[in-house]
There are 6 protein chains.
Amino acid sequence: MSYSKNMDFKTFSGIATFFRANWSDDWSAVDVALLGVPSDLGLTQRTGARHGPREIRNQSCNIFYYNPLTKVIPFEQARVADIGDVPLRSAFNLDTLTTELHEYYVRLHKAGIVPVTAGGDHSITYPILKALGAERPVGLVHIDSHIDCTDRIADSTVHHGAPFRNAVLDGVLDPKRTIHIAIRDPAAEFEQFAEETGMAVIDIDRFYDMGIKAVIAETRRIVGDGPTYISFDIDGLDPAFAPGTGTPVVGGITSYEAKRLLTGLRGLDIIGADLVEVSPPFDSAGITALAGAQMMFEMLCLATEAFQMRGESARPR
Amino acid sequence: MSYSKNMDFKTFSGIATFFRANWSDDWSAVDVALLGVPSDLGLTQRTGARHGPREIRNQSCNIFYYNPLTKVIPFEQARVADIGDVPLRSAFNLDTLTTELHEYYVRLHKAGIVPVTAGGDHSITYPILKALGAERPVGLVHIDSHIDCTDRIADSTVHHGAPFRNAVLDGVLDPKRTIHIAIRDPAAEFEQFAEETGMAVIDIDRFYDMGIKAVIAETRRIVGDGPTYISFDIDGLDPAFAPGTGTPVVGGITSYEAKRLLTGLRGLDIIGADLVEVSPPFDSAGITALAGAQMMFEMLCLATEAFQMRGESARPR
Amino acid sequence: MSYSKNMDFKTFSGIATFFRANWSDDWSAVDVALLGVPSDLGLTQRTGARHGPREIRNQSCNIFYYNPLTKVIPFEQARVADIGDVPLRSAFNLDTLTTELHEYYVRLHKAGIVPVTAGGDHSITYPILKALGAERPVGLVHIDSHIDCTDRIADSTVHHGAPFRNAVLDGVLDPKRTIHIAIRDPAAEFEQFAEETGMAVIDIDRFYDMGIKAVIAETRRIVGDGPTYISFDIDGLDPAFAPGTGTPVVGGITSYEAKRLLTGLRGLDIIGADLVEVSPPFDSAGITALAGAQMMFEMLCLATEAFQMRGESARPR
Amino acid sequence: MSYSKNMDFKTFSGIATFFRANWSDDWSAVDVALLGVPSDLGLTQRTGARHGPREIRNQSCNIFYYNPLTKVIPFEQARVADIGDVPLRSAFNLDTLTTELHEYYVRLHKAGIVPVTAGGDHSITYPILKALGAERPVGLVHIDSHIDCTDRIADSTVHHGAPFRNAVLDGVLDPKRTIHIAIRDPAAEFEQFAEETGMAVIDIDRFYDMGIKAVIAETRRIVGDGPTYISFDIDGLDPAFAPGTGTPVVGGITSYEAKRLLTGLRGLDIIGADLVEVSPPFDSAGITALAGAQMMFEMLCLATEAFQMRGESARPR
Amino acid sequence: MSYSKNMDFKTFSGIATFFRANWSDDWSAVDVALLGVPSDLGLTQRTGARHGPREIRNQSCNIFYYNPLTKVIPFEQARVADIGDVPLRSAFNLDTLTTELHEYYVRLHKAGIVPVTAGGDHSITYPILKALGAERPVGLVHIDSHIDCTDRIADSTVHHGAPFRNAVLDGVLDPKRTIHIAIRDPAAEFEQFAEETGMAVIDIDRFYDMGIKAVIAETRRIVGDGPTYISFDIDGLDPAFAPGTGTPVVGGITSYEAKRLLTGLRGLDIIGADLVEVSPPFDSAGITALAGAQMMFEMLCLATEAFQMRGESARPR
Amino acid sequence: MSYSKNMDFKTFSGIATFFRANWSDDWSAVDVALLGVPSDLGLTQRTGARHGPREIRNQSCNIFYYNPLTKVIPFEQARVADIGDVPLRSAFNLDTLTTELHEYYVRLHKAGIVPVTAGGDHSITYPILKALGAERPVGLVHIDSHIDCTDRIADSTVHHGAPFRNAVLDGVLDPKRTIHIAIRDPAAEFEQFAEETGMAVIDIDRFYDMGIKAVIAETRRIVGDGPTYISFDIDGLDPAFAPGTGTPVVGGITSYEAKRLLTGLRGLDIIGADLVEVSPPFDSAGITALAGAQMMFEMLCLATEAFQMRGESARPR
């Protein structure tokens, strides 16, 4: 069992790890890793995402270790640990940073570890997908207000608005098994890329017209039973629920809807997930980091269940 | 009539009492009392509820004296006053504080006064119910993210997660006439207590699947026409609506839904109510205290109407 | 085209104008004007609306220049500019200020400019309507938690709760083509004025019982195809979405609902609009000003499209 | 003795009056009155002073009832009460409001009550001085970053930058017994008025060059032993100590220096005092209101001691 | 060497321990321990100190690992580690919590570990002194706005205003070697205890009249070369420097003065230290926790140097 | 004269430019330029400086157009304008951004314009000095908590801790005419560079031991009458005065001391200045941006006077 020793009722006590899980450097003892990428070099608008992982850890301590609705207790069902933040040497150059990240996740992936990552800005998802989808393109559930398939900005193809375009062009993301949800800020050109490559898009009006249950059903239909990644940009939520983010877009979904959507994905073959774009300096009363932590917890539960389903828990401990 | 003299259009003017009602020490002139219990000794997680009553008073001044939807004007329909905060001698020990509170509410109850209380943490509801349900177990409408029927924590059966277990075990709360609404963080053991004793639970998914009108109907069916208490833990609302609370749980109801739910309880025999767990130091822009004040006002209207229905207004003034 | 030169991807760069539009003093080169009225002399409760225009400008820089759902790009479809704030000499007297405002908008109207205004408190809408409805009474879509048809307060008929009463009594607003939406704080007497004059009211319960599509349809039916003004009081939103306002009322609509409602008004003959009652000093993380900016942008799109429909874009540039 | 019953160690408990003193409407039982003027019609820059009295009351509860350095206990040495806020009918017009205020303070003065007022903006000091100095011009200790002797603004001689010019021109303030301290934002013309009328000015550089003890000595020398009023504009403090104010000026004095200065005025014939320009919406963590409350308490101690010295406590109680 | 691996230039990266030191459970490998006591049961006024240790850890990451003025690098000069928070079973009763704390520090002391503690409220210093002074009464440097020698409150001799009275009465604190600095809120009775037992007091006026160098000299003279404890209540600083605390008192010292004072204590035989009363929920922009972290770091440097001087570093590693 | 037309008493009115100066693109009409560099790519710790220029503009509107202590009115004494932010193409790479900045300032310098810049992080000062010191190395007054002469970090010699090392190595800064003031966080190696190159350092203890007048005299002595640049890192102030910055260091100077220091530099041959490292997302109540704006204004006055002294105002207007 991977309960942290300070995971008692006193949520305010002790050093803050994700969900007060154990902090471990021993990768051989980890099935599902909670980790942070404190980076915001890929941002184009408001900054602050580098401070995300630490504050998400802080707020995550308010969340208990089991999922009251699904009864999942990830820390009992797999060896879960907070393995810290990715140690990054780069500081002033997005390209070298992207390379470093890719190398790190390749190592993690080879170690058989399922990563559940807290960003950092959305540019980090590209190197993660590149590592996880190297053998076989992955499917994607993407919750966001933007489609993030933009072409180059400021002479760079890599930035926080481009991870999924990059991943498709690299052949590590299967556009046919990709769905974008809660979208409300696509530019014409980005939509074109989504359309041409056959991605599914549920924009905000369609989201509310369909209703949450139909959205879940459609999502499951698109991604099917292949290996699937979840990428949750906190700006998918309305700014009232998530003010602390880099590119807030008014008119988003509620945290209940997001939570229910994630819960509805049980049984999919989740091989990794990330929660990105929490910018604590722009937050208010910590609600963005708290909502981010909650979504990360839901994805941890999904990833842990999928890990068990795949039978990888047979690995010696 | 119990209008305060400073209850004019200048909501920012004057000493802050609940809804700018008169401040009175003369219990013989009061039918329905607004009062505070500035205590947070029963908390297990984030603190600050002791600061609740004063800040709820502060924000309540933004609320006008009539209910625009139901046309109720509580201050005209009964003798309503702010009777201040319960004077508590205890400061460092939850057991003696609970005893003190119980004695106070016994006196209030004997004086024929209907209490509408602002907490303080949720542990205060146990001594209140013990006083109000002494002759006959009361029914309960409970809005919260937690069921609050937990067993002992840190060697104590009394704490903010246990009031309804305590009240049922003491025979002052009728579990068959109890309904928990908006629940999303029950542990297995607590649910068991609810199930074994026959309490009704509308968890958050069921809440949204039923719709607000069905929730109201089910609530009315459960509590029936017996004497009923309402306990509103502000963390029933989503943290976007109520960040300032001790145990926030992402994915809750909106303040509109809560307000409509309360309005839907008109005609029940409300004998008291409380609004608990507002923690101003964790609030943002005062919205939690404002939402708390609004819910308290709705409950004041319900309690006042019920008071009139019971004909107790025949008491000499 | 009226793109500002600093309207690139760096939303944080440059002097803050509304939506980073060009700042222009040359009225002959403007079709649709964005402008501010930094005034809060008409407030009765919480203050701060004088700081609204500057902070809405600040937050509006986070909003891109096109409307992703309707594909409207106002800056391409008409000559749009930020013409600054109305220069007001009055500082301590609401009556003289109201006169000044009226004179200014008469000049603007005569110049053939469509005004999209950021308040300021709601008292500013009266002199605006007086200017715009002088030849022919206008219709009105009014989103607010209050009906704002109150009679005199503190010996004054002019204040932030009275603009529509004043406008009807002056014959510049057509009550039969007026609809109030999201109302939840009407007093009996105000409702009477609305009823007697034949205004339509969709209060908050009716709003949710009807659903957003029916609300849109009813709104279109009421205002018809005559010249129509939109007045959006930010307190129509719930305080969770808009804490920074003078008279917050718990239990309002979400920003998604408001945005969708506005989008649903495409094709109406919008001749002007305002967004009022943003009070930055009471805001939290800038979300109120951001929501206000978003609503202002939606109204800018509507006003620009209507301007084109009317063929006034034939004016030489 | 005028201790409030809730003036115990639980500073967070009970309805917030100034320093938790008794709330009284019975003027015949009051020697020294604590009261508020929730008005900001005289402001020219940032608004919010109308919210000052309530928040100063709130923060004042953190201050104990005795002065640890001087051993003064005002509530034992005179009949001190919070008499609420001045009831103002005017809301939209500074001139009528000034008249109202004057009439109120004339009545208070005739009742033999010493007023210690919390503003409100600085324009309120003019009608107060007009009432208190009617029989004999008073002396003045004025702590502020501005001299506040400006001529008309926006066609009005009355505003928050003019109280002392107005008072001198009305003959109710003796310029020869007036001293301005901590000044750092005088315009040439205002200095001219000060110089021509013979007022003393200790600007911020002189303040630090002299040292606090010399400043105290010079102040005592100027005002002498005649009746003296103290007017403390919170913007005399540096914005780090008092961010919540309408016209902050960087580079001011510390709260220790202000407190020591006031303590150094013991023995002067203080006949009234005010603390103005606290603007809670611009405050941070309540420190401005707390500093304001502390300065108000120091002035209460001075006023109470002076009251005793004058032997007016011989009045029947 | 005890550098943490994440102690690089990226202060925002990694799990937050005190000063990013290693987190260790192995007491045999620790000379000087950084630890937290997340408790606020002893508070009488504003609450929140239970959240102190985690937020001080958070802010401490902004502080580098060496002391630029004294050139001390504690992590090189002794085996320093963050050993987490004291695991406390008690939650609702101050007496049992005090017993628990005492037992813990007795064990720590027996292990030869020098504790540098982050509170928590000031009541924790009593059990710490009881453990450290058991063999021989210790001397004390106490920086605070209160003397904290109060007698019983609410029937309890143990609370945050009494640690030093308790310690003297228990014979573990030597009043003749005790000095209270920056005091500005003593009541008569508390001063009496200080005077009768022979404690030295430098109140705030004396502090500024003496000047910082003389204060340092006097402090060194009083405590001499015997074993000495430092207790720093963050409310010794002015609220502008430390708003986030339970009993703020306007008119305190600056953080520069506090830092210089501590630096001036080099060479004393420091055997432990604490930094108490940081209440993050009342903080603003984290400056209180940051100032607390800085003071804690200065005390860590002093304690490490003293540890070296005592030659205890000879212990096998 | 370069007064903006909205530079009246209503500081809250109008589009926010620096000090409400005119916004101009016509460099031929500008003597002294106010401009922003919204960049934070050079930061190593807390981020947010990219948001500095806009918020400094916002707060600068609270500052009036003349200097009350020196009587300087920069807008009358030279042609002063806000020329906007430097348009930067680079977004993700510090090296290319540094090159861009250098080219921009070369052009500005060739146009004979004196730049007074608002950062942005401190890395921007290097390209500025490289442009201004190309013909002749400049002298420097540097107010900061760090010396900023650090060698490479993360494989880059360019970052916010290195501008003055870079400038000296490039021969554009004269170390013998350089003085660092208020320093309190130098590492050994950085001091070495300062010492070896002959820079003067007044660390914080020396600052207070000397007193402000001696600091001014020493500063004047070091820089002499050659061309001199002033670089003010806002973290030179204590975090109580400037919480909103990237690398706050507890124990700094006050804003009064900083203001007085700057005023004491009148008559020096100031050829440019910058105010850097204001990070609005970490600010509280805007006081950091306000203090930054004030320091920028003082430097504007110095630069304008120096411009006049040099007789460059003879240029045709």
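In what follows, every chain begins at residue 1, and chains take the letters A, B, ... in the order their sequences are listed. This is a predicted model, so every value here is computed, not measured.
- D/N62 is listed as a side-chain neighbour of E/R46, based on a closest heavy-atom distance under 4.5 Å.
- Pairing each heavy atom of D/A240 with each of E/A240, the nearest pair is O-CB, 3.5 Å.
- The CD1 atom of D/I212 sits 10.5 Å away from the CG atom of E/D209 when rounded to the nearest 0.5 Å.
- Considering CD of D/E257 and OH of E/Y208, their distance stands at 7.5 Å, rounded to 0.5 Å.
- Note that CD1 of D/I287 is 14.0 Å distant from CZ of E/F282, once rounded to the nearest 0.5 Å.
- For E/K176, the NZ atom sits in a packed shell: over 12 heavy atoms of surrounding residues, nucleotides or ligands are nearer than 6.0 Å.
- Contact annotation for D/F12: only side-chain heavy atoms (C-beta onward) come within less than 4.5 Å of a heavy atom of chain E.
- Looking at D/E298, neither its backbone nor its side chain comes within 4.5 Å of chain E, counting heavy atoms on both sides.
- Interface remark: of the candidates D/Q294, D/M295, D/R260, D/R260 forms the most heavy-atom pairs closer than 4.5 Å to chain E.
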Pair E/Q45, D/F64 - check side-chain contact (heavy atoms from CB on, under 4.5 Å), show working. CA-CA 11 Å; E/Q45 305 188 18; D/F64 270 89; 3.0 Å; yes
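- Note that CG of D/L69 is 9.0 Å distant from CD1 of E/I204, once rounded to the nearest 0.5 Å.
- In this structure D/F297 satisfies the ring-ring contact (aromatic ring centres under 6.0 Å, His included) test together with D/F19, sequence neighbours excluded.
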For side-chain contact (heavy atoms from CB on, under 4.5 Å), just list the numbers for E/F207 and D/Y256, CA-CA rounded to whole Å, side-chain angles, deciding distance to a tenth of an Å, and then say yes or no. CA-CA 11 Å; E/F207 182 95; D/Y256 171 73; over 6 Å; no
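- Ion pair E/D238/D/K259 not flagged as a salt bridge, since none of the NZ, NE, NH1 or NH2 atoms sits closer than 4.0 Å to an Asp/Glu carboxylate oxygen.
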List the steps, then state whether side-chain contact (heavy atoms from CB on, under 4.5 Å) holds for D/T11 with E/T247. CA-CA 9 Å; D/T11 55; E/T247 45; over 6 Å; no
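- Proximity to chain E (any heavy atom under 4.5 Å) is shown, for D/L290, by both the backbone and the side chain.
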